Amino acid sequence: MVNVAAGLSPLMRRHLGEPTLALLHQVGQIASRMGVPFYLVGGSVRDLLLDHAPKDLDLVVEGDAAMLASEVARRLSGQALTVSQFGTASVIVEGNRLDLASARKETYARPGALPRVVASTLLEDLGRRDFTINTMAVALSWSSFGTLVDMHGGQADLRGRLVRILHPRSFVDDATRILRAIRYEQRLGFRLEDETSLRLGEAVAGGMFDTISGDRLRRELDLLLQEEEPLKPLLRAAGLGVLRGLYAPLDGVPGLHRLVGAEQPDDPLVYLAVIASHLTTKENEAFIKRLNLTSRWAQVVRDTISLRPLLGEVASTTSVVQLCHMLDCLSHSAVKAHTLMEGKSAASEKLRRYLAEYRYVKPSLSGRELLALGVPQGPTVGAVLARLREARLEGRIANRSEEVALVGALLKDPSLTGTG
Ligand code: ATP
């Protein structure tokens with residue numbers, strides 16, 4: 001971790017660049033004139049202290065974010081954007097967009113309920129956050145620019161490489177933090193602090209995920225799948241019983257263990273397919289419902305389950321055309337998932353060739369060109385295109401003129417054209 005005795009300006013210069021730093025200085029000055037303290041907070045500060053470039057800038061105003069946004073737009077010839085109901089406002093200055101949030105605190109009517117949000121001080125805002133490493137702020141106001149605010153021991157936990165909750169009921173208040181804890185732990189190579197680990201286990205065992213809506217769980221799972229190496233947090237979640245806590249039949253996730261040591265796909269949906277790959281059709285439908293999966297995600301998990309019983313046939317078929325008939329209607333994420341889980345088997349080899357080669361095989365003649373060659377309008381065009389693709393897949397034809405010759409032959413086939 002970086003020593004910040006001199007303030008965070010040098011780190012901000014290094015990771016945000018001079019133009020962004022200058023803009024933050026200007027906004028800080030405007031905020032100071034308005035008498036509203038202005039800060040960089042949360043994950044951005046954590047990343048700066050770890051000497052990483054933050055993914056985005058979390059900016060908090062101890063006051064009215066919308067008023068600051070419109071004043072910045074007025075003074076710096078920028079454009080203030082619509083204000084959201086959660087006290088956030090955005091402003092664009094010379095192509096740079098800044099999202100400003102009013103400091104706020106939250107109260108929970110019951111575990112897992114959406115919080116009631118009210119305006120607050122910075123300290124209250126930081127006190128509602130998930131982990132100590134996300135509770136630091138850097139002052140951006142004119143007189144204190146670059147000064148670190150660390151009220152919860154965030155620096156010490158960064159040094160100790162610990163993910164630590166702020167209070168014992170944190171996971172009960174909001175069980176999505178269970179997934180967040182694992183995500184940070186695995187991304188940063190940290191470890192769950194002892195009490196945090198204990199409370200996390202209690203919250204999972206106590207069924208706290210049941211208090212969270214499918215949409216919120218899906219969003220948090222999505223963030224986890226978007227990580228650079230999702231296998232790590234997924235294996236950790238499986239080990240801690242967190243996947244089982246999310247949805248009981250996910251227990252065990254045999255597919256996930258088969259991915260260890262395999263090539264890691266960069267398609268996040270492959271991991272989704274893998275964790276659902278052992279479910280029965282009925283369990284899968286309940287999983288889709290529980291996490292309110294989007295239609296695309298639902299298709300991927302359904303295709304993964306449908307492909308499972310076909311793997312024997314995939315392995316044994318000697319026909320590329322038959323292989324494509326089985327796979328063409330399935331999502332590629334599902335096919336990829338089985339390719340990886342199958343390891344070095346015959347089925348895996350076929351699936352691999354399908355993804356790398358066969359799925360791209362297409363006739364070079366277009367539907368329009370077929371019409372010009374005398375193919376009658378209507379379903380025959382699709383049927384001829386399918387025959388051309390089959391011939392290409394089987395290597396019977398290899399170029400355009402051979403396609404034209406085959407079309408000529410097919411036009412004489414009454415079963416295809418309906419003539420004769
Ligand atoms: P990442 O590096 O993955 O972008 P981040 O730390 O910027 O992560 P966000 O999900 O963008 O995290 O959230 C911004 C900040 O809001 C976090 O740093 C954290 O302080 C706070 N936060 C987000 N979700 C929660 C939550 N469920 N409970 C408490 N605080 C949260």
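The residues of the chain are indexed from 1 along the displayed sequence. The structure presented is a predicted model; accordingly, all values stated were derived computationally and were not measured. One-based numbering, in listed order, for ligands and for the atoms of each.
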So which of Leu122, Val138, Leu59 actually passes side chain to side chain contact (heavy atoms under 4.5 Å, CB included) with Val41? Leu122

N-O pairing of Glu18 and Arg13 below 4.0 Å: yes

Leu223 N/O to ligand 1 N/O under 3.5 Å: no

Output side-chain donor-acceptor pairs under 3.5 Å for residues 92-101, partner residues at least two apart or in another chain, one line each.
residue: Arg97; atom: NE; partner: Asp99; partner atom: OD1; Å: 2.8
residue: Arg97; atom: NH2; partner: Ser90; partner atom: OG; Å: 3.1
residue: Arg97; atom: NH2; partner: Asp99; partner atom: OD1; Å: 3.1
residue: Asp99; atom: OD1; partner: Ser90; partner atom: OG; Å: 2.6

Heavy-atom distances under 4.0 Å are what count here, so tell me which part of Thr135 touches ligand 1: side chain, backbone, both or neither. neither

Report, as yes or no, whether the 6.0 Å neighbourhood of atom CZ on Arg396 holds more than 12 heavy atoms from other residues, nucleotides or ligands. yes

Atoms of ligand 1 close to Arg187 [distance to a heavy atom under 4.0 angstrom, numbered from 1]: 1 (P), 2 (O), 3 (O)

Please state whether Tyr184 comes within less than 4.0 angstrom of ligand 1, counting heavy atoms only. yes

Heteroatom proximity flag, Arg177 to ligand 1, N/O under 3.5 Å: yes

Nearest heavy atom to atom 16 (O) of ligand 1 wins, so pick from Arg129, Arg183, Arg46, His52. Arg129

For the pair Phe131 and Phe171, name the ring-plane relationship: parallel under 30°, tilted 30 to 60°, perpendicular over 60°. tilted

Which one holds for Met136 and ligand 1: side chain close, backbone close, both close, or neither close, with close meaning a heavy atom under 4.0 Å? neither

Selection from Leu179, Asp174, Leu57 by shortest heavy-atom distance to atom 27 (N) of ligand 1: Asp174

To the nearest 0.5 angstrom, please state how far the NE2 atom of His338 sits from the OG atom of Ser277. 6.0 Å

Interfacing atoms of ligand 1 (cut-off 4.0 Å, heavy-atom, Arg180): 9 (P), 10 (O), 12 (O), 13 (O), 17 (C), 22 (N), 23 (C), 24 (N), 25 (C), 27 (N)

Pairs of donor and acceptor atoms involving the side chains of residues 259-271, under 3.5 Å and at least two apart or interchain, shall be tabulated with distances.
residue: Glu263; atom: OE2; partner: Lys336; partner atom: NZ; Å: 3.0
residue: Gln264; atom: OE1; partner: Tyr271; partner atom: OH; Å: 3.1
residue: Gln264; atom: NE2; partner: Leu259; partner atom: O; Å: 3.1
residue: Gln264; atom: NE2; partner: Ala262; partner atom: O; Å: 2.8
residue: Asp267; atom: OD1; partner: Leu269; partner atom: N; Å: 2.9
residue: Asp267; atom: OD2; partner: Ser333; partner atom: OG; Å: 2.7
residue: Tyr271; atom: OH; partner: Pro265; partner atom: O; Å: 3.4

Side-chain H-bond candidate by donor/acceptor type, Asp58 with Tyr39, under 3.5 Å: no

Of Val41, Asp125, Asp130, which has the heavy atom at the shortest distance from atom 29 (C) of ligand 1? Asp130

Please could you name the atoms of ligand 1 that Lys55 approaches to less than 4.0 Å, counting only its heavy atoms? 1 (P), 2 (O), 3 (O), 4 (O)

Quick note on ligand 1: atoms under 4.0 Å from a heavy atom of Thr176 include exactly 27 (N)

